[in-house]
Amino acid sequence: MMRTGDFPNRVYMLVRKVPYGKVTTYKAIAKALNTKAYRAVGNALNKNKNIELVKCCKVVKSDGSIGGYSEGTEEKAKRLKKEGIQVKGGKIVDFQKRLLRFNNK
DNA sequence: CAACCGGCCTGGA
DNA sequence: CTCCAGGCCGGTT
């Protein structure tokens, strides 16, 4: 367990777990994995080849702003809007309410 | 082994 | 109180 090779795999699992119309943060994921590798999470998503399978676009920064995206931040915002999430000024509206916490591990 | 990264936090101006 | 910069953690390549 805890083998690093599984790390990206867990990230994908959590991201896929996010219901429609909701988002999550790198921090939340890292915390859910009981780690502080925020960067590793984003990095894993970036290298993610199952971008269409995994909704990396549902993962945003902890302050509600759009993080990065392999296809571009605009594309990410566009996708979020498509999920019913309002993005204004490059930030998510009612981010806290849209934020899905992995409920303490 | 070294560098990079889609972030987060804290400190200083 | 707001804005900018640097430092830091863990993983991947």
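By convention in this document, chain letters (A, B, ...) are assigned in the order of the sequence lines, proteins followed by strands, and residues within each chain are numbered from 1.
Distance CG (A:Asn48) to C1' (C:dG11): 15 Å, rounded to an integer number of Å. Atom CG of A:Leu45 and atom P of C:dG11 are 15 Å apart (whole Å). Going from atom NZ of A:Lys36 over to atom C1' of B:dG7 covers 14 Å, rounded to whole Å. Between A:Asp6 atom CG and C:dG10 atom P there is a gap of 18 Å when expressed in whole angstrom units. In this structure, the CG atom of A:Asn9 is 11 Å from the P atom of C:dT12, given to the nearest Å. One can place CZ of A:Phe95 at 13 Å from C1' of B:dG7, the figure rounded to the nearest angstrom. Atom CG in A:Asn43 sits roughly 17 Å away from atom P in C:dC9 (whole-Å rounding). Rounded to an integer number of Å, the gap from CD1 of A:Ile66 to P of B:dG7 is 12 Å.
Across every non-hydrogen atom of A:Leu100 and A:Lys22, the tightest pair is CB-CD, 3.9 Å. The two residues A:Ala32 and A:Phe102 have their closest heavy-atom pair at CB-CB, 3.8 Å. Taking both residues in full, the closest heavy atoms of A:Tyr38 and A:Lys27 are given as OH-NZ, 3.0 Å, listed atom of the first, atom of the second, then distance. Scanning all heavy atoms of the two residues, the minimum distance from A:Gly67 to A:Thr73 falls at O-CG2, 3.3 Å.
Under a 4.0 Å N-O distance rule, the pair A:Lys76/A:Glu71 does not qualify as a salt bridge. The residues A:Arg16 and A:Glu52 are annotated as not salt-bridged, no charged nitrogen and carboxylate oxygen being separated by less than 4.0 angstrom.
For A:Gln86, the CD atom counts as loosely surrounded, since its 6.0 Å shell holds 12 or fewer non-hydrogen atoms of other residues, nucleotides or ligands.
The shortest side-chain heavy-atom distance between A:Val59 and A:Val23 does not fall under the 4.5 Å cut-off.
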(message) Pair A:Tyr26, A:Val60 - check side chain to side chain contact (heavy atoms under 4.5 Å, CB included), show working.
(response) CA-CA 7 Å; A:Tyr26 303 100; A:Val60 295; 5.6 Å; no
Every protein N/O within reach of nucleotides 8-13 of chain B N/O, cut-off under 3.5 Å:
from: B:dC8; atom 1: OP1; to: A:Ser62; atom 2: N; distance (Å): 2.8
from: B:dC8; atom 1: OP1; to: A:Ser62; atom 2: OG; distance (Å): 3.3

(request) Both distances under 3.5 Å, Watson-Crick or G-U wobble: on that basis, could you give the dot-bracket string for DNA chain B, with [ ] for crossing pairs and | for other-strand partners? (result) .||||.|||||||
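Among the protein residues, A:Val59 comes within range of the nucleic acid bases, having at least one heavy atom under 4.0 Å from a base atom. In this structure, A:Thr73 reaches neither bases nor backbone, as no heavy-atom distance under 4.0 Å exists between it and the strands shown.
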